[in-house]
*Asks:* 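Structure below; questions to follow.
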Number of protein chains: 2
Amino acid sequence: MFKKERQAFILNRLDLHNKVLNTNLCQDMNVSEDTVRRDLQELADAGRLIKVHGGALSLAFSNIHAGSKAIYSQRQKAIIAQKAIGLIQKNMYVLTSGGTTILEMARHLPPHLSATFITGSIPALNAYLAHPNIDVIAVGDRVNKESKITVGAVTINKIKEVNADLCLLGVNAIDMRRGITDNDCDVVELKKAMIAASARTACLTIAGKLNSFEPLQVCELDRIDYLITELDPTDQLLQPYVKAGVTVL
Amino acid sequence: MFKKERQAFILNRLDLHNKVLNTNLCQDMNVSEDTVRRDLQELADAGRLIKVHGGALSLAFSNIHAGSKAIYSQRQKAIIAQKAIGLIQKNMYVLTSGGTTILEMARHLPPHLSATFITGSIPALNAYLAHPNIDVIAVGDRVNKESKITVGAVTINKIKEVNADLCLLGVNAIDMRRGITDNDCDVVELKKAMIAASARTACLTIAGKLNSFEPLQVCELDRIDYLITELDPTDQLLQPYVKAGVTVL
DNA sequence: CACAAACCAGCAAAAAACAGCAAAAACAAT
DNA sequence: ATTGTTTTTGCTGTTTTTTGCTGGTTTGTG
C-alpha cells in the first residue's frame, strides 16, 4: 500500500466515521504505528484533518465544535443591530426571523421602545420577553430543534395573516445575481412568507456573507428594501447593491 | 472518546441544557470524575464555560441568569417532577401548562425519553428544546409577558385540535369543593381547553396549595385523573382526594 | 456543627508521541 | 549493472500525555 493510498484510506474513513484511531488504522493497513502517525501528521499539516492524541478527527467535527461558540462575529453583529433598531418606530409591528444577528438585535432594543414583535424563533422570543415595553406574538407549530424556530404549514399560514410594517431578516447568503439564498427548505418558505407579509424588508448580514450563495433562493434582490451590514454604506463592497436600488445602511 | 470529543460533547450539552453536572457527564462519557473535572477546568481556562461546584454553566446562561428568578420550593418540586415523569411513556403526546413546577419537570426529563411535548409556555419550550429526544410543538399567539405563556383565541383553537395522551397541569389552587381554580381569565380558558384535549389529566402542585382556592374555576375535581404532590400518597392531607376517586401519586 | 459531596495535589501506570537511527526500497545517473 | 542519493519505513529508547487513584482539604446543606 502506497503512502498516497494510505492517506486516501484515512481520509475516506474519516468521511465515514468522523474519527479514526491510530491503533485501528495500523492494523487495518498493516503498517506500523509510526507510519500511521506520520501520515496523520502530514495530513494535519495539510489541514485535511485534526490530529488528536491517539488518532484524528474530521474537519466536519471542528465545524460542529465551532457552531457551539457563543455568537461569532459578535462585534460586527452589535453594529448591525444598532442600525436595524434605527428602522423600528413606535408601535410598529415587526416580523423577525431567527439567527444570531437577529438575536443580537433583540438584546439591544432600547428599553423605552414600544412595539409588537412577531417571531417563530424561540431564542428571539426569550429576548423580547425580557424587554419591558415590547409586545410579543409567537407563531407556533412544530419546533425545529436545531435552529430553534417554528417551522411548518401552520407557521406559514399564520404569517400570511399578518400585516407587518417591517420584516427583519437575518440572511445567510446574499448575492447580486441570485438574491437572498439559504440552505434549509423550511426556512426558505418561512422567509418568503415573512417578506410577503411585510410592507418593508431589511436584510441583516455580516459583510463576510456578502456575495455568497446557497442552493435555495428566498427572493430576488429587488424584493428587499434595506441591506444592513457592519460596513460603512460608502464601502466599496456595497456599491453594487446601492446601484441595484437597495438602501444600504 | 478523545479529549477533544469529550470537550465538544460537554460544550454541546451546555448549549442544550445551559448546565451540566459532573456526575452526569462522567457516566454518559464513561470516564472518571477526575477526567471530567480536568476537561471542565481546561474549558473554563479557555473561557468557554463557567465552572461551578459540581458542574458547569454555559456562558449564555450567565447573561440570562440575571432575569431568571430562582424556583421557590425547588426541593418539593423536584419530587413532584419525578412522579410526573413516571406517567410519561414512550412516544406519548403530552400537553403541558406553564409554571415553575412544570418547568422543574421539564428540566428533569430523562435523556432517553422520546415523546412529543406541546406547550404554550416559553420557559417550558426552552427546556424541551434542550432535550435530545423530545419533539416540541409550540402553540402560538400573543404572549403574556408576566406568565410567559401564549394566550388568546388562536392558542385555544390550536389546543382544541390536539388529541394528547396526557395533560400535565401546574395548578395554583385545588380544593375538594371548588376543584381546580385560578385567578387569570386567559389561563383558565387555556387550562380548560388543555384538559378537554387530553385523554388523561394530572395536576401537579406543592402541598401548600392544597385546599386553597382562587376566584375562577377551571374544572371540578372529577375531571382530573392524577394528583401529584411532594407528599406520600398515604399522607393524611391527601385522603379526601383519594376518597373522591383521584389517583394520588 | 456535622456530614456528605466535591475538590485538589500529587503519584503511578499505561498509552501515545517523539527523536534519532538503520534497513529497505525507489529513483537517477553513470 | 552499479553506484550514490533520496524516500520510506520500522525499530529503540526516551519523553510526554493522559488518566485513574489515594488521601487530605474545602464547600454546601440540613
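Protein chains get the first letters and strands the later ones, always in sequence-line order, with residue 1 at the start of each. What's counted below: heavy atoms across the whole structure, side chains too, no hydrogens, waters or symmetry copies.
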*Asks:* Quick one: which of D/dG10, C/dC18, D/dT19 gets closest to the side chain of A/K51?
*Replies:*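 For the A/K51 side chain, the nearest candidate turns out to be C/dC18.
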*Asks:* Specify the separation, in whole Å, of atom CG of B/D39 and atom P of D/dT18.
*Replies:*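 Value for this atom pair: 10 Å.
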*Asks:* Rounded to whole Å, how long is the line connecting atom CG of A/N22 with atom C1' of D/dT18?
*Replies:*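 Atom CG in A/N22 sits about 15 Å away from atom C1' in D/dT18.
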*Asks:* For D/dT18, does OP1 or OP2 lie under 4.0 Å from any side-chain N or O of B/K3?
*Replies:*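 Looking at the OP1 and OP2 atoms of D/dT18, one of them is under 4.0 Å from a side-chain N or O of B/K3.
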*Asks:* In whole angstrom, what separates A/R37's CZ from D/dG10's C1'?
*Replies:*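 The answer, rounded to whole Å, is 12 Å.
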*Asks:* Is the shortest distance from a Lys or Arg side-chain nitrogen in B/D28 or B/R13 to a carboxylate oxygen in the other one below 4.0 Å?
*Replies:*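 Looking at B/R13 together with B/D28, the answer is yes, because their closest N to O distance falls below 4.0 Å.
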*Asks:* With a 4.5 Å limit on heavy-atom distance, are the side chains of B/N144 and B/D184 in contact?
*Replies:*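 B/N144 reaches B/D184 side chain to side chain.
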*Asks:* Taking the axis from the first five pairs and the axis from the last five, what angle separates them in the helix from C/dC1-D/dG30 to C/dT30-D/dA1, rounded to 10 degrees?
*Replies:*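 End-to-end axis angle: 40°.
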*Asks:* Taking atom C1' of C/dC8 as reference, at what distance in whole Å does atom CG of B/D45 sit?
*Replies:*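 Between C1' of C/dC8 and CG of B/D45: 14 Å.
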*Asks:* Can you find an N or O donor on one side and an acceptor on the other, under 3.5 Å apart, linking the side chain of B/D34 with the base of C/dC7?
*Replies:*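 Checked by distance alone, the answer is no.
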*Asks:* Using a strict threshold of under 4.0 Å (side-chain N to carboxylate O), is an ion pair present between A/K77 and A/E230?
*Replies:*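 Looking at A/E230 and A/K77, the cut-off is not met.
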*Asks:* Return the residues of residues 5-14 of chain A meeting this criterion: a heavy atom under 4.0 Å from some atom of DNA chain D. Order them by number, or give none.
*Replies:*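 Here the set is A/R6.
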*Asks:* Closest approach to the side chain of A/V31, judged atom by atom: which nucleotide of D/dG20, C/dC8, D/dG10 is it?
*Replies:*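 Of all the options, the side chain of A/V31 is nearest to D/dG10.
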*Asks:* Could you tell me how far apart A/F2 (CZ) and C/dC27 (C1') are, to the nearest whole angstrom?
*Replies:*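 After rounding, the reported distance stands at 14 Å.
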*Asks:* Name the closest nucleotide to the A/H53 side chain, picking from D/dG20, D/dT9, D/dT17.
*Replies:*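 The listed nucleotide nearest to A/H53's side chain is D/dT17.
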*Asks:* Taking OP1 and OP2 of D/dT19, is either one under 4.0 Å from a side-chain nitrogen or oxygen of B/S32?
*Replies:*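 No, because none of the side-chain N or O atoms of B/S32 sits under 4.0 Å from OP1 or OP2 of D/dT19.
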*Asks:* Starting at atom CD of B/Q41, determine the distance to atom C1' of C/dA6, rounded to an integer number of angstrom.
*Replies:*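 Those two atoms, CD and C1', are 13 Å apart.
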*Asks:* If I take atom CG in residue A/N30 and atom P in nucleotide D/dT8, what distance separates them, rounded to the nearest angstrom?
*Replies:*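 In whole Å, D/dT8 P and A/N30 CG are 19 Å from each other.
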*Asks:* What contact category does A/V36 fall into here, base, sugar-phosphate, or nothing, at under 4.0 angstrom with non-hydrogen atoms?
*Replies:*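 Here A/V36 touches no strand at all.
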*Asks:* Quick one: does B/M176's side chain get under 4.5 Å of B/L221's, heavy atoms only?
*Replies:*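 SC-SC contact between B/M176 and B/L221 confirmed.
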*Asks:* Is B/L227 close to B/T205 at the side-chain level, that is, under 4.5 Å between some pair of heavy atoms?
*Replies:*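 Heavy-atom side-chain distance check passes, below 4.5 Å.
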*Asks:* Starting at CD of B/E33 and ending at C1' of D/dT22, how long is that distance when rounded to a whole Å?
*Replies:*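 The answer, rounded to whole Å, is 14 Å.
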*Asks:* A side-chain contact here means heavy atoms from C-beta on lying under 4.5 Å apart; do B/D135 and B/F117 qualify?
*Replies:*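 Result no, sub-4.5 Å side-chain heavy-atom pair not found.
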*Asks:* Among residues two or more places apart or on two chains, list those pairs meeting salt bridge (Lys or Arg N to Asp or Glu O under 4.0 Å) that have a residue in residues 170-182 of chain B.
*Replies:*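 Matches after skipping sequence neighbours: B/D175-B/R178, B/D182-B/K191.
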*Asks:* Do A/V31 and A/R6 come close enough that some side-chain heavy atom pair is under 4.5 Å?
*Replies:*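 Result yes, sub-4.5 Å side-chain heavy-atom pair found.
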*Asks:* Has A/N30 got more than 12 heavy atoms of other residues, nucleotides or ligands less than 6.0 Å from its CG?
*Replies:*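 Not buried by this count: 12 neighbours or fewer within 6.0 Å.
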*Asks:* Name the one of B/T101, B/L95, B/I88 that satisfies side chain to side chain contact (heavy atoms under 4.5 Å, CB included) with B/L168?
*Replies:*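 Of B/T101, B/L95, B/I88, side chain to side chain contact (heavy atoms under 4.5 Å, CB included) with B/L168 is met by B/I88 alone.
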